[in-house]
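Here the structure comes first, spelled out in structure tokens, and everything after it is commentary.
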There are 2 protein chains.
Amino acid sequence: MSSDMTQDAETDFIEGMGLILQSDGMPRIAGRLMGLFVLHGGPFSFTDLADRLAISRGSVSTNTRLLEDLGVIERVAMKGERQDFFRLAADPYAEIVERKRVRSIRAQESIRRNAETLDNIGPNGLKRVDELANFFGVLATATERALDDLRDGDGALPRTNRADTSMAAE
Amino acid sequence: MSSDMTQDAETDFIEGMGLILQSDGMPRIAGRLMGLFVLHGGPFSFTDLADRLAISRGSVSTNTRLLEDLGVIERVAMKGERQDFFRLAADPYAEIVERKRVRSIRAQESIRRNAETLDNIGPNGLKRVDELANFFGVLATATERALDDLRDGDGALPRTNRADTSMAAE
DNA sequence: TATTTTGTTCAATCTTGACTGAACGAACTG
DNA sequence: CAGTTCGTTCAGTCAAGATTGAACAAAATA
């Protein structure tokens with residue numbers, strides 16, 4: 001590695017996704033994986049992922065599971081192959097938004113619940129607590145509508161047969 | 001501190017806000033401060049904040065500045081007082097949402113920018129990159145509408161003269 | 001002017017979570 | 001069955017950020 005090296009555009013993209021997801025509280029490797037899958041779709045084998053991104057098998061295991069739980073990628077079995085394969089899911093982003101929504105709802109509920117046990121709080125205090133809870137309600141509503149937009153393909157290309165039929169990564 | 005001690009409801013609320021904001025990527029102390037201000041409005045003096053939350057003056061300085069930048073609280077000067085005072089802002093949550101919006105836009109732009117330099121990416125790849133960028137666009141739009149809801153006081157009490165006229169913390 | 005108060009800054013410490021790599025069991029292969 | 005491949009788990013390491021507390025400068029006080 002020379003010191004003035006500039007990596008290629010694909011690496012930039014993948015690393016960029018790593019940083020974006022990291023700034024959103026996710027592991028950087030999850031972002032890199034996501035970047036790779038967005039670029040190439042897949043399927044990629046378990047080992048292939050570790051090699052391409054130069055990460056440990058442990059990280060592949062942990063982060064593919066994370067992305068699988070989020071519905072970003074899906075695990076596929078391939079004829080004659082012992083390894084697990086992964087490819088970008090048909091609807092990769094819905095569950096991410098749904099999780100955000102649930103977290104806002106949880107916060108709102110937590111605040112209201114705590115507020116009930118509160119005493120010695122004047123009417124102004126109650127009002128401020130209510131506005132705080134409402135703030136998280138607004139966030140929940142916003143993510144809910146984002147979910148709708150995502151499903152309607154708002155601004156995006158219309159929903160087509162997203163699952164690749166070809167096996168080879170592009 | 002006895003081992004089976006249960007703190008009072010106010011402390012629960014404040015600590016709860018600490019955890020909620022921490023889960024959103026902010027310092028826990030910022031959340032605690034926010035909880036205190038929501039409960040009592042303020043104004044609180046700099047020293048008072050350090051005492052009530054049992055945190056260092058350094059943390060008070062850092063986190064009040066953070067919340068001030070976010071527009072959650074505002075610094076106020078009090079007649080005959082040398083210390084800085086802080087109180088909950090009139091519209092505490094707008095800037096938080098606006099920052100979320102900007103971050104989504106930035107991500108979208110970053111993706112599109114990186115995508116431009118990409119080559120050797122088939123039409124499917126381009127489509128997936130576009131859908132990814134669109135995803136962040138949807139998030140940006142959602143937060144934008146959340147901002148509107150917040151301004152309209154959607155679901156919340158109508159906008160009134162939020163700034164306390166009384167000096168004493170409730 | 002000397003002292004005190006006040007808020008900021010910064011080096012040091014602490015905490016949290018990500019990441020690695022080795023150990024492990026399961027499943028496959030020969 | 002012995003050896004290999006595969007994915008998961010977990011203890012250990014590492015990095016990033018939060019928090020503290022002392023040092024500092026500015027402003028007020030006496």
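The figures here come from the full heavy-atom set of this structure, side chains too, leaving out hydrogens, waters and symmetry mates. What you see is a predicted model, and the numbers here were worked out from it, not measured in a lab. We name chains A, B, ... by the order of the sequence lines, and we start the count at 1 in each one.
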query: Can any side-chain N or O of A/S56 pair as donor or acceptor with the backbone N or O of A/S59 at less than 3.5 Å?
result: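 Yes; at least one donor-acceptor contact below 3.5 Å.
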
message: If I compare all heavy atoms of A/L67 with all of A/L33, which pair ends up nearest, and what's the gap?
response: CD1-CB, 3.6 Å

Nearest to the side chain of [X] - [options]?
X     : options               : value
B/T47 : C/dC19, D/dT9, C/dG7  : C/dG7
A/R82 : D/dG7, C/dA27, D/dT9  : C/dA27
B/S61 : C/dT29, D/dT9, C/dG7  : C/dG7
A/I55 : D/dG7, C/dC19, C/dT20 : C/dT20

Without decimals, in angstroms, what is the distance between [X] [atom1] and [N] [atom2]?
X     : N      : atom1 : atom2 : value
B/L33 : D/dT19 : CG    : P     : 10 Å
B/I29 : C/dT16 : CD1   : P     : 13 Å
A/D84 : C/dA26 : CG    : P     : 17 Å
A/F85 : D/dG7  : CZ    : P     : 9 Å
A/E81 : C/dA27 : CD    : P     : 19 Å
A/N63 : D/dT8  : CG    : P     : 12 Å
A/R65 : D/dC10 : CZ    : P     : 10 Å
A/Q83 : C/dT29 : CD    : P     : 13 Å

- prompt: Would one find a side-chain N or O of A/S56 under 4.0 angstrom from OP1 or OP2 of C/dT20?
  reply: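 Indeed, a polar side-chain atom of A/S56 lies that close.
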
Nearest-nucleotide comparison on DNA chain D, the residue closer to the 5′ end among B/R32 and B/G80: B/R32

- prompt: Taking for each residue the nucleotide of DNA chain C bearing the nearest heavy atom, is the 5' side occupied by B/S59 or by A/Q22?
  reply: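 So the residue in question is B/S59.
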
statement: DNA chain C nearest-nucleotide lookup for B/F46 and A/M26: closer to the 5′ end is B/F46

query: How would you label the contact of A/R57 with the nucleic acid (heavy atoms, under 4.0 Å): base, sugar-phosphate, or nothing?
result: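 Base: the residue A/R57, judged by heavy atoms under 4.0 Å, touches a nucleobase.
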
message: Does B/R75 have more than 12 heavy atoms from other residues, nucleotides or ligands lying within 6.0 Å of its CZ?
response: yes

- prompt: Any chance the rings of A/F46 and A/F85 have centres within less than 6.0 Å?
  reply: no

field: CZ on A/F86 to CG on A/N63, rounded to 0.5 Å
entry: 10.5 Å

